[in-house]
Protein chains: 2
Amino acid sequence: MKTDCQLCPYISTAAAKLAGCDLNLLSDNHIVVSFKKGDSIIKQGTYSTNVIFLRKGLVKIHITGPYSEQIVKLAKPPTYLGLPTTMGDKINQYSITALEDTEVCFIDMSTFRQLLKSNDDFAFEIIHSLCRYEIESFRRCAHRVQKQTRGNLAEMLLDMSKNIFNSDRFQLPLSQSEIGNLIDTSRESVSRMLSELEKDGIISMQGKQIEIIKKKSLELISQNG
Amino acid sequence: MKTDCQLCPYISTAAAKLAGCDLNLLSDNHIVVSFKKGDSIIKQGTYSTNVIFLRKGLVKIHITGPYSEQIVKLAKPPTYLGLPTTMGDKINQYSITALEDTEVCFIDMSTFRQLLKSNDDFAFEIIHSLCRYEIESFRRCAHRVQKQTRGNLAEMLLDMSKNIFNSDRFQLPLSQSEIGNLIDTSRESVSRMLSELEKDGIISMQGKQIEIIKKKSLELISQNG
DNA sequence: GCCATTTTGTGATTTAAATCACAATGCATA
DNA sequence: TATGCATTGTGATTTAAATCACAAAATGGC
């Protein structure tokens, strides 16, 4: 499925810098693909010559560690994915899996490179976003390590609320065991801490449905615990 | 101190893509500065309008976490530093401190941006390297978390040997407490584990001077421990 | 060379969280 | 609707590593 990027409501900040023939080039050289919850979008170790633009949905980025698969982060639209692959050795360096029904554009690598070449604002935006990811990843690492589980769980809930769902009520997009994997703890600890937060009236849960009741308390836990 | 980039032996892969007037632009708009061991090169929270090119020496990148300063990684030449700052809000998002006597080029932001504009190979190289950092940081996080201290220490030693000093003998550029900070453990644990490795004849130490004796064993510990 | 400060070594104790074990519950699909 | 697999809840136990405490070395400035 090909679409006219000119009309795309999901267009990225970077692509918004493109105009005229650049945008036509993009329109002519990408394919929109839908994925269902749980589908693998890219798989570490496989070959790829596409940049992926996440236009709709939610995905997890995960990487094989020395012992087990580790969720590195979640990504939501609009964002480019798989840049490192495309820039580097063409082998995917991590896996991406859909957490919800998701739509992405597969953009041919040579097209992408062409755009970088011909449009410096586009390149600048890409660099800008890569830099933001870097900072974010530094920050996350430092926090993950210096806090204990309770604080990390609180931080994750706040992050989902603020940055992903823009709401104090949302459906957890991960199982407890995946949450453990993301915040570097065990599935059992996640279960215990969630119950605890509920018992303390800080959140309420029905199944995977979360509501943050006392945001201030949660922020305090995130900062201090 | 201004220098002619054309003649610079430390020139980066990216800058090597520049030619003629681009290189002159760079030559005319940067300053080489020397730092002594321990000197702060950039400080988180301060204002900056320069990209920094690390041409000689060794630095640590550190970031203030919720409780304490955390060393994120070491960086060695040739590499650009402080890109995120320059691209983003002009406030340094992390600190950089010299671990050895170090030389850097301060490149004016507008010059750097001009180079990105006028030379797509340059931009491409910058993007390429940012992507490599991202992968590397994902990988490091996953390993750090899934291994225990012994394995992380072994990995750090191998990393220094292979990627920084290119030798099985080298001087530790960090104190044990800094090492602990880098590999997410306590100063005491670092001390204990180093002694252990020495007792087992895997490394030898005199002060900060390290020699890796049984590299195979160390690799095994790095992988399994 | 001397003194103050930082760094390192090592034992004893505490602790957060992993692991183990098993029951209960939910969810998907045949 | 029944059957099977994945997810969740919770107690008991173990464990890696932090913390505490203190001594010994090393380092750097004067």
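Here is how names work: the chains are called A, B, and so on, in the same order as the sequence lines, proteins then strands, and each is numbered from 1. Predicted model, so just to flag it, every value in this text is computed and none were measured.
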Fill in the blank from the handout: Atom CD of Glu196(B) and atom P of dG9(C) are separated, to the nearest Å, by 13 Å
Practice task
State, to the nearest 10°, the angle formed by the axis through the first five base pairs of the helix from dG1(C)-dC30(D) to dA30(C)-dT1(D) and the axis through its last five.
Solution key: 60°
Practice task
Sort out for me which residue in Lys215(A), Lys162(A), Lys214(A) forms a salt bridge (Lys or Arg N to Asp or Glu O under 4.0 Å) with Asp168(A).
Solution key: Lys215(A)
Exercise for the section: Examine distances only and state if a side-chain atom of Glu103(A) and a backbone atom of Leu54(A) form a donor-acceptor pair shorter than 3.5 Å. Expected result: no
Fill in the blank from the handout: Atom CD of Gln148(B) and atom C1' of dT19(C) are separated, to the nearest Å, by 13 Å
Exercise for the section: Round to a whole Å and report the spacing from CD1 of Ile183(A) to C1' of dA16(C). Expected result: 14 Å
Practice task
Using a 4.0 Å heavy-atom cut-off, write out nucleotides 7-14 of chain D from 5' to 3' as B (base contacted by protein), S (sugar-phosphate only) or - (no contact).
Solution key: -BBBBB--
N/O donor to acceptor pairs below 3.5 angstrom from side-chain atoms of residues 199-212 of chain A, sequence neighbours left out:
{"from": "Glu211(A)", "atom 1": "OE1", "to": "Arg169(A)", "atom 2": "NH1", "distance (Å)": "2.6"}

Handout entry: Short N-O contact, Arg132(B) and Glu136(B), less than 4.0 angstrom
Key = no
Practice task
Verify whether the ring centers belonging to Phe53(B) and Phe106(B) lie closer than 6.0 Å.
Solution key: no
Problem - Nearest-angstrom distance from the residue atom CG of Asp184(A) to P of dA18(C) - result: 9 Å
Exercise for the section: Check the distance between dT27(D)'s P and Gln206(B)'s CD and give it to me in whole angstrom. Expected result: 12 Å
Exercise for the section: Mind checking salt bridge (Lys or Arg N to Asp or Glu O under 4.0 Å) for Glu198(B) and listing every partner two or more places apart, or none if nothing turns up? Expected result: none
Practice task
Report the residues that fulfil ring pair (Phe, Tyr, Trp, His ring centres under 6.0 Å) with Phe170(A), sequence neighbours left out, ordered by chain and then residue number.
Solution key: Phe165(A)
Exercise for the section: Name all residues meeting the disulfide bond (SG atoms under 2.5 Å apart) criterion together with Cys141(A); count only those two or more places apart in sequence or in a different chain, and write none if there are none. Expected result: Cys141(B)
Practice task
Measure from CZ on Arg150(B) to C1' on dA17(D) and round the result to the nearest Å.
Solution key: 14 Å
Completion exercise
CD1 of Ile164(A) to CG of Leu74(A), rounded to nearest 0.5 Å, is 4.5 Å
Practice task
Measure from CG on Asn152(B) to C1' on dA18(D) and round the result to the nearest Å.
Solution key: 16 Å
Exercise for the section: Would you please confirm or rule out a distance under 4.0 Å between OP1 or OP2 of dA18(C) and any side-chain N or O of Thr185(A)? Expected result: yes
Fill in the blank from the handout: Here the distance between atom C1' of dG26(C) and atom CD of Gln171(A), to the nearest Å, is 13 Å
